[in-house]
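Please read the structure below before turning to the comments.
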Amino acid sequence: MLDKRFILENAGVVQRNCDIRGVKVDVARFVDLETQRRKLQTEIEELARQANAVSKSIGQAKDAAEREARKDEGRQLREKKDRLQEDVERLGAEATLIHNAMPNLTHPESPIGGEDASAELRRGGPAVKPFSFPVQDHVALAEQHNLIDFEGGARVAGHGFYFLKNEAAQLELALQHYTLDLLIREGFTPVITPDLARGDVLKGVGFIPRGPETQIYSVENHDLNLVATAEITLGGLYAGQVIEAEKLPIKLCGISHCFRTEAGAAGRASRGLYRVHQFTKVEMFAFTLPEQSDDMHNYFRELECEIFEGLGIPYRVLDIATGDLGGPAYRKFDLEAWMPGRGNAGEYGEVTSTSNCTDYQSRRLDIRYKVKGEKGTLLVHTLNGTAVAISRALIAILENYQQADGSILIPEVLRKWMGKDRIGGNSL
RNA sequence: GGUUGGGUGGCCGAGUGGUUUAAGGCACCGGUCUUGAAAACCGGCGUACCGCAAGGUACCGGGGGUUCGAAUCCCUCCCCAACCGCCA
């Protein structure tokens with residue numbers, strides 16, 4: 001959420017920001033409601049002050065008659081206050097609805113426009129080269145080498161679930177290991193988080209746990225939800241905390257399973273592993289000082305590049321356009337990996353995403369920092385970024401490393417955990 | 001799942017209706033002393049909101065109630081810990 005005072009003082013800026021992000025919000029209405037609410041709140045506080053003064057004087061009243069008179073006076077003041085309080089709550093409720101709909105402010109360099117306006121910053125990894133043989137997609141490759149059992153997944157849990165088998169199971173662990181090792185070298189604290197979290201934590205991070213629009217699985221009879229990303233648990237880990245400024249930035253990498261209902265996603269390009277209800281993800285998360293978050297965001301993006309560079313997979317980096325940013329993101333970069341089996345002749349597909357949420361999440365989660373010797377506390381900035389989402393990384397690996405004989409090479413950096421260099425065919 | 005005990009500022013912790021204006025301690029900041037530091041002593045020191053300021057209001061797990069007045073009494077929900085049971 002945005003700072004209310006900032007909105008009041010910069011209504012024009014906020015309205016324009018909502019406009020370029022394609023979010024319909026009546027900022028003027030919010031300002032109107034909030035201004036009225038504050039005026040009434042001041043009156044309430046004055047009544048409370050008077051009532052408190054009356055209460056205090058009762059202890060020193062000299063006789064019963066005076067005491068009764070004062071009691072009556074106090075009662076009337078509080079009743080008046082309660083009536084105003086109802087108005088304040090009514091105004092506040094409407095203002096909150098608008099407030100919650102307001103997205104974060106936007107980085108000045110983010111391209112303005114819809115999804116198509118996202119800017120390609122650069123390409124990396126090996127160049128995309130045409131194959132000299134008919135390309136198979138990951139579903140066919142997995143079938144051929146008995147790597148993924150979609151039918152079994154459907155039988156056990158329904159469409160969108162799967163069993164990873166044989167080298168695919170090994171690859172999941174190898175990818176985790178590879179990524180974790182890299183991030184630990186970079187000073188991240190590795191964390192394995194809960195896969196479930198309370199509703200309040202989801203809301204604080206910006207997810208909607210229940211209701212018709214939700215993408216979240218929830219547990220019946222409990223205030224627990226299956227997490228859609230470790231961003232939820234890592235953000236929640238510090239909710240309500242005050243961090244000493246010198247401990248910032250804090251860099252965490254969390255491993256969790258991720259569960260998504262993908263409601264409304266039917267029909268979108270989602271064959272095989274691309275859009276599934278469960279996958280494993282290594283997630284980067286950082287808490288920083290405000291002046292550190294831009295650099296940290298670029299650093300997250302470069303780490304994502306480094307990870308795919310190491311895997312030897314062609315990728316491109318996008319600076320996401322304003323109309324395609326989620327509510328909490330101030331700026332977002334996506335990495336798209338080349339997936340040769342996707343579409344007619346190969347397409348880029350999103351494999352990672354990193355967002356700088358500035359103080360939008362921390363305001364709601366109440367995560368602050370304190371500078372030694374200075375009074376008061378300030379909000380930290382939060383950032384998240386995918387290190388590796390296993391299911392999508394698997395698509396990219398299987399499809400890019402397929403060979404003419406149908407075998408699949410294993411990326412060099414993963415071989416030490418695989419005990420082999422190739423799936424199917426003859427070893428090198 | 002059962003039983004018991006808990007939830008008070010950054011941390012520990014006192015506090016069963018009105019000098020609590022939340023004691024005291026730790027930590028932290030400033031000062032005295034010192035070549036410097038430590039110790040000792042003196043002073044300061046919760047958070048948010050409104051206000052130019054003086055000052056005010058709210059906050060003792062959440063919500064509701066009783067009362068002129070609630071951290072304190074009542075109702076309700078949540079959470080945590082310990083032990084028991086079950087269990088990888």
Side-chain angles (χ1 to χ4, degrees), chain A residues 1-10 30-93 95-96 99 192 194-204 209-210 218-225 232-233 236-248 250 257 287 289 359-380:
Chain A
M1 57 213 298
L2 294 177
D3 180 33
K4 283 189 191 176
R5 192 197 303 209
F6 179 86
I7 301 167
L8 292 181
E9 291 169 0
N10 302 277
F30 174 84
V31 170
D32 194 38
L33 290 165
E34 183 63 11
T35 307
Q36 284 184 57
R37 193 190 67 80
R38 288 188 179 215
K39 189 161 157 285
L40 280 183
Q41 186 63 40
T42 307
E43 288 178 38
I44 286 174
E45 290 181 5
E46 172 58 21
L47 287 171
R49 190 190 63 74
Q50 291 174 18
N52 286 343
V54 168
S55 293
K56 250 178 220 170
S57 74
I58 288 175
Q60 294 129 30
K62 54 184 182 296
D63 58 50
E66 186 185 337
R67 206 177 343 262
E68 284 312 310
R70 293 276 173 82
K71 278 189 187 182
D72 196 48
E73 190 184 346
R75 218 179 340 250
Q76 285 179 28
L77 284 167
R78 303 243 179 220
E79 278 169 13
K80 199 169 165 191
K81 183 184 82 123
D82 288 346
R83 280 196 297 276
L84 286 182
Q85 190 65 49
E86 284 173 26
D87 291 340
V88 161
E89 272 156 30
R90 193 169 37 74
L91 292 167
T96 299
H99 191 202
I192 293 177
D195 285 341
L196 286 87
R198 293 194 170 107
D200 282 347
V201 175
L202 285 265
K203 285 183 217 151
R210 299 189 191 227
S218 52
V219 179
E220 199 176 3
N221 299 326
H222 295 268
D223 180 27
L224 283 173
N225 310 272
I232 292 168
T233 43
L237 183 59
Y238 280 82
Q241 304 284 305
V242 178
I243 303 165
E244 291 169 39
E246 62 218 58
K247 293 198 175 139
L248 297 172
I250 293 171
H257 294 113
F287 304 93
L289 297 172
D359 61 4
Y360 192 88
Q361 276 181 337
S362 57
R363 184 169 291 109
R364 190 155 36 195
L365 285 167
D366 190 27
I367 306 176
R368 295 162 180 279
Y369 69 93
K370 179 160 178 32
V371 179
K372 213 174 225 175
E374 286 182 19
K375 204 170 152 52
T377 56
L378 295 162
L379 293 165
V380 302

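Predicted model only: the values in this text are computed from it and were never measured. Reminder, nothing fancy here: chain letters follow the sequence lines and each chain counts from 1.
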Practice task
Could you tell me whether A:Leu84 atom CG has more than 12 heavy atoms of other residues or ligands within 6.0 Å of it?
Solution key: yes
Exercise for the section: With C1' as the reference atom in both, quote the distance from B:rC45 to B:rG9 in angstrom, rounded to an integer. Expected result: 11 Å
Handout entry: Side-chain ion pair, A:Arg70 and A:Asp72, N-O less than 4.0 Å
Key = no
Exercise for the section: May I ask which nucleotide in the shown strands pairs with B:rA81, Watson-Crick or G-U wobble, both distances under 3.5 Å? Expected result: B:rU4
Problem - A:Arg49 and A:Glu45 ion-paired at < 4.0 Å - result: no
Exercise for the section: May I ask you to decide if A:Met1's main-chain N or O and A:Arg363's side chain share a donor-acceptor pair within less than 3.5 Å? Expected result: yes
Practice task
Return the 5'-most residue of the pair A:Asp223, A:Glu89 with respect to RNA chain B, ranking by each residue's nearest nucleotide.
Solution key: A:Glu89
Practice task
For B:rU57, take OP1 and OP2 only and decide whether either is under 4.0 Å from a side-chain N or O of A:Asn52.
Solution key: yes
Problem - First of A:Arg368 and A:Arg49 reached from the 5' end of RNA chain B, by closest nucleotide - result: A:Arg368
Problem - Pairwise P distance, B:rA14 and B:rG25 [rounded to whole Å] - result: 15 Å
Practice task
Look at the side-chain N and O atoms of A:Arg38 and state whether any lies under 4.0 Å from the OP1 or OP2 oxygen of B:rC49.
Solution key: no
Problem - Strand partner of B:rA39, provided both Watson-Crick or wobble distances fall under 3.5 Å - result: none
Handout entry: Heavy atoms of other groups near A:Lys80 NZ, more than 12 under 6.0 Å
Key = no
Problem - Nearest-Å distance once atom C1' is located in both B:rG46 and B:rU20 - result: 15 Å
Completion exercise
Applying the 3.5 Å cut-off to both distances, the Watson-Crick or G-U partner of B:rC26 turns out to be B:rG10
Exercise for the section: Report yes if at least one side-chain N or O of A:Thr42 is closer than 4.0 Å to OP1 or OP2 of B:rC49; otherwise report no. Expected result: no
Completion exercise
Atom CD of A:Glu46 and atom P of B:rG55 are separated, to the nearest Å, by 16 Å
Fill in the blank from the handout: Closest to the side chain of A:Thr377, out of B:rU57, B:rG10, B:rA48, is B:rA48
Exercise for the section: Could you state the atom-to-atom distance from CD of A:Glu45 to P of B:rG55 in whole Å? Expected result: 16 Å
Exercise for the section: Just name whichever nucleotide pairs with B:rU34, Watson-Crick or G-U, keeping both distances under 3.5 Å, else none. Expected result: none
Exercise for the section: Output the single nucleotide from B:rU57, B:rG10, B:rC68 whose closest atom is nearest the side chain of A:Arg78. Expected result: B:rC68
Exercise for the section: Taking A:Asp359 for its side chain and A:Val380 for its backbone only, find out whether a donor-acceptor pair lies under 3.5 Å. Expected result: no
Practice task
State whether A:Arg75 places a side-chain N or O below 4.0 Å from either non-bridging phosphate oxygen (OP1 or OP2) of B:rC68.
Solution key: yes
Practice task
Specify the separation, in whole Å, of atom CD of A:Gln50 and atom P of B:rU57.
Solution key: 10 Å
Practice task
Nearest whole angstrom, please: distance from the C1' of B:rU47 to the CG of A:Leu379.
Solution key: 12 Å
Completion exercise
note: A:Lys203, atom NZ; B:rG62, atom P; distance rounded to Å ~ 16 Å
Practice task
Determine the Euclidean distance between corresponding P atoms of B:rU3 and B:rC77; express it in Å to zero decimal places.
Solution key: 15 Å
Practice task
Quick one: look up who B:rC49 pairs with, Watson-Crick or G-U, both distances under 3.5 Å, and put none if it's unpaired.
Solution key: B:rG56
Completion exercise
To the nearest angstrom, the CZ-P distance between A:Arg364 and B:rA48 comes to 19 Å
Problem - P-based separation of B:rG64 from B:rA53 [nearest Å] - result: 31 Å
Exercise for the section: Determine: side-chain N/O of A:Arg198 to OP1/OP2 of B:rC80, distance under 4.0 Å, yes or no. Expected result: yes
Problem - Pairwise C1' distance, B:rA81 and B:rG61 [rounded to whole Å] - result: 15 Å
Handout entry: Integer angstrom distance from the C1' of B:rA40 to that of B:rU34
Key = 12 Å
Fill in the blank from the handout: Closest non-hydrogen contact found for A:Tyr369 with A:Val242 is C-CG1, 4.4 Å
Exercise for the section: Please measure how far the C1' atom in B:rU21 lies from the corresponding atom in B:rG55, and state the result in whole Å. Expected result: 14 Å
